[in-house]
Amino acid sequence: MRDLEGRVALITGGSSGIGRATAIALAEAGAAVVIADIDDAGAQETVRLVEQAGGRAASVHTDVTRWEDLERMVAFSVETFGRLDIFHNNAGINTGWPRFPEVPRERWGKTVAVNLTAVIGAIQAVVPAMRLGGGGAIVNSASLAGLVAYEMEPIYAATKHGVVGLTRALAFLKDEAGIRVNCVCPSFVDTQLPRRRLESMPPEERERWEAVLSRMPMLAPAEVAEAVLELVRDGSLAGEAMAVTYGQPPRLVPAAMSVR
Ligand SMILES: NC(=O)c1ccc[n+]([C@@H]2O[C@H](COP(=O)([O-])OP(=O)(O)OC[C@H]3O[C@@H](n4cnc5c(N)ncnc54)[C@H](O)[C@@H]3O)[C@@H](O)[C@H]2O)c1
């Protein structure tokens, strides 16, 4: 279905995993895509894959923890493709082992910087361009770790709860500016992220968590991309957290209550 023809999408963390799958899915739906990532070789490979699938794509070197890079990725999108309609706010990292509170401050600080501060900053950078275009759709990559007690990575869980809270609290942007902010909350997805987390653990911890993971089969990145596109397409959704878990259709998880 090429229903996103003429739209322009920006994806942070589009050099691999979920972001790359979303880039391809958006391009197949007709959107032009911009990949913003710190990994230039991966970004170029995503551009190649999109072009190979008949789509239009470009990449811009972006470290999401730098304000000037966030502003540059937005300016680049508008200069290259003329507008900005869709934003997948997706770059994210693990803290890895040792687990908090043993992990050094600079390591958990980086997780907060990439997974939460940059997610907030990127929305602030993107909104003016979307306002100019009359509205848009933002999909944040949160996680199931943002909805449940996730003891494997306490700081990662804290940042993802932050992203879910931010998403729900930005529902008002739909009425105010025609900008719909939603998030996906996937369980484990087959990308380098969970693999790196396991590799960082000592053998006995790794064995224990591998047993936990064996009870939760991994999703394919393309399944998460499908949920992202659902949130982009459904004009009624704003401030929603969509859980994506193995073997079940994606579903919205309501907030305990709303204060409006
Ligand atoms: N894989 C999972 O199990 C899983 C589950 C739930 C949520 N998520 C979330 O989905 C998102 C994508 O993760 P993924 O699994 O595709 O992992 P991934 O490691 O394959 O992709 C993450 C991307 O973010 C980029 N990135 C990291 N730091 C950056 C920075 N400072 N500036 C710009 N780009 C940066 C990386 O280069 C990479 O391309 C993350 O936010 C992650 O927390 C992943």
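Counting starts at 1 for both ligands and their atoms, in listed order. Each residue takes its place number in the sequence, starting with 1. Owing to the predicted nature of the structure, the values given are computational and were not obtained by experimental measurement.
Between Asp63 and Arg66 there is no salt bridge, since no side-chain nitrogen of the basic residue lies less than 4.0 Å from a carboxylate oxygen of the acidic one. Using a cut-off of 4.0 Å between Lys/Arg side-chain N and Asp/Glu carboxylate O, Glu5 and Arg2 are scored as salt-bridged. Of the charged side-chain nitrogens involved, at least one lies within less than 4.0 Å of a carboxylate oxygen, so that Asp190 and Arg195 count as a salt-bridged pair. Salt bridge annotation for Glu210-Arg206: present, with a cationic side-chain nitrogen under 4.0 angstrom from a carboxylate oxygen. For Glu205 and Arg208, the salt-bridge test passes: some basic side-chain N is under 4.0 Å from an acidic carboxylate O.
Here atom 5 (C) of ligand 1 lies nearest to Ser187 when heavy atoms of Ser187, Gly42, Ala145 are compared. Evaluated by nearest non-hydrogen atom to atom 14 (P) of ligand 1, the leading choice among Thr65, Val114, Thr191, Val163 is Thr191. By heavy-atom distance, the residue among Ala122, Ala142, Gly92 lying nearest atom 7 (C) of ligand 1 is Ala142.
Considering only non-hydrogen protein atoms, atom 17 (O) of ligand 1 sits nearest to Leu193 CB, 3.5 Å. When only non-hydrogen protein atoms are considered, atom 6 (C) of ligand 1 lies nearest to Pro186 O, 3.3 Å. Ser16 OG, 2.6 Å is the protein heavy atom nearest to atom 20 (O) of ligand 1. Scanning all protein heavy atoms for the shortest distance to atom 29 (C) of ligand 1 gives Ile38 CG2, 3.9 Å. Of the protein's non-hydrogen atoms, Asp37 OD1, 3.6 Å is the one closest to atom 36 (C) of ligand 1. From the protein, the heavy atom lying nearest to atom 30 (C) of ligand 1 is Val64 CG2, 3.6 Å. Here the protein heavy atom with the shortest distance to atom 43 (O) of ligand 1 is Tyr156 OH, 2.6 Å. The nearest heavy-atom contact from the protein to atom 33 (C) of ligand 1 is Thr62 O, 3.1 Å.
Of the residues Glu151, Glu153, Met152, the one that meets the side-chain contact (heavy atoms from CB on, under 4.5 Å) test with Arg99 is Glu151.
Residue Ala91 has at least one heavy-atom neighbour below 4.0 Å for each of these atoms of ligand 1: 24 (O), 34 (N), 35 (C), 41 (O). In summary, the atoms of ligand 1 found under 4.0 Å from a heavy atom of Asp63, numbered by their order in the structure, are 30 (C), 31 (N), 32 (N). When each atom of ligand 1 is checked for a heavy atom of Phe188 under 4.0 Å away, the hits are 3 (O). Within ligand 1, the atoms closer than 4.0 Å to a non-hydrogen atom of Gly17 are 16 (O), 20 (O), numbered from 1 in the order shown. For ligand 1, the atoms closer than 4.0 angstrom to any heavy atom of Gln192 are 18 (P), 19 (O), 20 (O). Ligand-side atoms of ligand 1 in range of Ile93: 27 (C), 28 (N), range being under 4.0 angstrom from any heavy atom.
Rounded to the nearest 0.5 Å, atoms CD1 (Ile179) and CG (Asp175) are 12.0 Å apart. The distance from atom OG of Ser77 to atom CD1 of Ile86, rounded to the nearest 0.5 Å, is 11.5 Å. The CZ atom of Arg107 sits 10.0 Å away from the CG atom of Asn94 when rounded to the nearest 0.5 Å.
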CA sep, side-chain torsions, deciding dist, call: Phe76, Val34, side chain to side chain contact (heavy atoms under 4.5 Å, CB included): CA-CA 8 Å; Phe76 176 85; Val34 174; 3.7 Å; yes
Derivation and outcome, side chain to side chain contact (heavy atoms under 4.5 Å, CB included), residues Phe87 and Met130: CA-CA 9 Å; Phe87 177 45; Met130 285 190 172; 3.8 Å; yes
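Considering both main-chain and side-chain atoms, Asn90 comes within under 3.5 Å of ligand 1 through a nitrogen or oxygen pair. Residue Ile18 places at least one N or O, backbone or side chain, under 3.5 Å from an N or O of ligand 1.
Neither the backbone nor the side chain of Ala36 comes within contact range of ligand 1; no heavy atom lies under 4.0 Å. Contacts of Lys160 with ligand 1, taken as heavy-atom pairs under 4.0 Å, involve the side chain alone. Under 4.0 angstrom from ligand 1, the non-hydrogen atoms of Val189 come from both its backbone and its side chain.
Judged by distance alone, the side chain of Lys160 and the main-chain N or O of Ser141 form a donor-acceptor pair under 3.5 Å.
Taking the ring axis of Phe188 as reference, the NZ or CZ atom of Arg197 does not stay both within 45° of it and closer than 6.0 Å to the ring centre.
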